Amino acid sequence: DAKTTQPPSMDCAEGRAANLPCNHSTISGNEYVYWYRQIHSQGPQYIIHGLKNNETNEMASLIITEDRKSSTLILPHATLRDTAVYYCIVRVVDSNYQLIWGAGTKLIIKP
Amino acid sequence: DVKVTQSSRYLVKRTGEKVFLECVQDMDHENMFWYRQDPGLGLRLIYFSYDVKMKEKGDIPEGYSVSREKKERFSLILESASTNQTSMYLCASSLMQGLSTDTQYFGPGTRLTVL
């Protein structure tokens, strides 16, 4: 079963910041939070990951709460091309290093 | 940039046919994965491989087999295709087993329809 909970859908206006929440209340201390997105009819695309500290790259920022039970992905200036399903994934740290995929959040950017 | 390519974007086969889905990555990654994606079920791992000639079953290996004869190529085989194997098939690769921050890179997917 997925270890994360995300809202099924969200809207955001073009040019505004998109904030996508994720709950992972059962996360273990050595498990990472990953974010991927999947644009329609394409393979998933890696966005960002983090353990405890907030992270930023050219695509997005990841804010992880101090208790690590939730996180927020921030797309600072959303464009129409950011319309996609966004997956928050907790990395299972075992010999398989398997990603457990949930249903994700369908983000729609509106002009 | 990492590139993962899949042999076909769309494929139509008949029940009982043997089907080969090919995946190639160009970044010398050790790990390769096959997923299927179905509406409402998300991505589910079929098989993965962490080295040439090595394979591990994922969550749903029944009805599938895999082959990894070369590091860059990972094939998914449907020995006798059935209609319930109609799905989107996604291949992925990642650098190395044992890295706690290993990132998976995905191909564009193959949409397989079995009639």
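Computed from a predicted structure; not experimentally measured.
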Membership question, hydrophobic clusters at under 4.5 Å side-chain separation (ILVMFWY): are [Y] and [X] in the same one?
{"X": "A/Leu73", "Y": "A/Met59", "answer": "yes"}
{"X": "A/Trp35", "Y": "A/Leu75", "answer": "yes"}
{"X": "A/Ile48", "Y": "A/Val90", "answer": "yes"}

In terms of heavy-atom proximity below 4.5 Å to chain A, should B/Arg9 be classed as side chain, backbone, both, or neither?
side chain
Checking heavy atoms, do the side chain of B/Gln37, its backbone, both or neither come under 4.5 Å from chain A?
side chain
Considering residues at least two apart in sequence or located in another chain, which fulfil the ring pair (Phe, Tyr, Trp, His ring centres under 6.0 Å) criterion with A/Tyr87?
A/Trp101
Would you give the length of the straight line joining atom CD of A/Gln38 to atom CG of B/Leu90, rounded to the nearest 0.5 angstrom?
6.0 Å
Are side-chain heavy atoms of B/Thr103 and A/Tyr36 found at a separation under 4.5 Å?
yes
